[in-house]
Amino acid sequence: MNLQETTLVFKLGEDNNISDLKITSEIKHFIADLRSVEKGVAESAKEKFINFGESISKTNGSFVIVCEFSFDENLTIVPTLQEAYDFIEMEEIERQLELEL
């Protein structure tokens with residue numbers, strides 16, 4: 001499976017709800033596209049993102065936020081979708097190297 005097939009890109013809904021996102025054996029990487037979201041909206045969902053990211057990390061997945069501004073130093077936030085995919089690819093390589101050691 002390639003990275004595109006195992007990654008879900010999603011946008012933040014009006015209610016800031018991300019609880020309906022499901023981690024499956026096929027989808028294990030998530031990208032939150034917040035390029036059209038105002039800073040206040042992103043900050044209001046910050047705790048949900050942190051909790052979601054922690055749950056993804058436990059399953060050896062990756063969670064990246066695409067946003068033009070940073071709103072938390074504990075979250076992985078990059079400015080473009082391509083950088084998000086690059087980050088996930090690097091994390092996958094690191095996981096594979098750790099398994100081989």
Side-chain angles (χ1 to χ4, degrees):
M1 257 190 240
N2 71 30
L3 197 56
Q4 302 283 343
E5 294 171 344
T6 61
T7 304
L8 174 69
V9 179
F10 67 93
K11 294 184 182 273
L12 193 60
E14 289 179 16
D15 59 357
N16 297 346
N17 188 10
I18 60 173
S19 62
D20 56 347
L21 293 173
K22 302 291 183 235
I23 304 164
T24 67
S25 59
E26 294 84 27
I27 303 294
K28 61 184 223 171
H29 307 297
F30 294 84
I31 299 173
D33 184 353
L34 303 186
R35 291 178 289 181
S36 61
V37 173
E38 293 181 16
K39 190 169 189 170
V41 173
E43 288 176 345
S44 70
K46 178 170 55 174
E47 285 303 313
K48 292 178 184 179
F49 286 136
I50 290 170
N51 293 334
F52 184 71
E54 288 171 355
S55 67
I56 299 300
S57 180
K58 290 176 186 172
T59 63
N60 285 328
S62 299
F63 176 54
V64 183
I65 298 172
V66 178
C67 191
E68 289 140 4
F69 51 84
S70 180
F71 56 92
D72 188 89
E73 67 273 353
N74 297 315
L75 294 167
T76 302
I77 302 173
V78 297
T80 67
L81 201 52
Q82 183 59 53
E83 286 178 83
Y85 279 110
D86 291 346
F87 182 87
I88 292 170
E89 190 170 6
M90 290 301 297
E91 280 198 334
E92 277 293 287
I93 292 169
E94 287 175 9
R95 287 186 195 103
Q96 290 172 358
L97 290 173
E98 286 176 15
L99 290 176
E100 293 174 7
L101 293 177

How long is the span from the [atom1] atom in [X] to the [atom2] atom in [Y], to the nearest 0.5 Å?
| X | Y | atom1 | atom2 | result |
| --- | --- | --- | --- | --- |
| Lys39 | Ser44 | NZ | OG | 13.0 Å |
| Lys28 | Leu8 | NZ | CG | 14.5 Å |
| His29 | Glu89 | NE2 | CD | 10.0 Å |

Glu92 vs Arg95, salt bridge (Lys or Arg N to Asp or Glu O under 4.0 Å): CA-CA, chis, key distance, verdict: CA-CA 5 Å; Glu92 277 293 287; Arg95 287 186 195 103; 2.8 Å; yes
Nearest heavy atoms of [X] and [Y], plus distance in Å:
| X | Y | value |
| --- | --- | --- |
| Phe71 | Glu43 | CB-CG, 3.7 Å |
| Ala84 | Val64 | CB-CG1, 3.7 Å |
| Ile77 | Cys67 | CG2-CB, 3.8 Å |

[X] side chain near [Y] side chain, heavy-atom distance below 4.5 Å:
| X | Y | result |
| --- | --- | --- |
| Ile31 | Ile88 | yes |
| Leu81 | Arg35 | yes |
| Phe49 | Leu34 | yes |

Side chain to side chain donor-acceptor pair (under 3.5 Å) contacts touching residues 49-59 (sequence neighbours left out):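 Passing the test, one end in residues 49-59: no pairs.
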Pairs involving residues 80-99, ordered by first then second residue, that meet ring-ring contact (aromatic ring centres under 6.0 Å, His included) (sequence neighbours left out):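 Matches after skipping sequence neighbours: none remain.
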Check: Leu3 main-chain N/O paired with Thr6 side-chain donor or acceptor under 3.5 Å: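 Checking the backbone N and O of Leu3 against the side chain of Thr6, a donor-acceptor pair under 3.5 Å is found.
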Aromatic plane relationship, Phe63 with Phe10 - under 30° parallel, 30 to 60° tilted, over 60° perpendicular: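 Parallel: the ring planes of Phe10 and Phe63 meet at under 30°.
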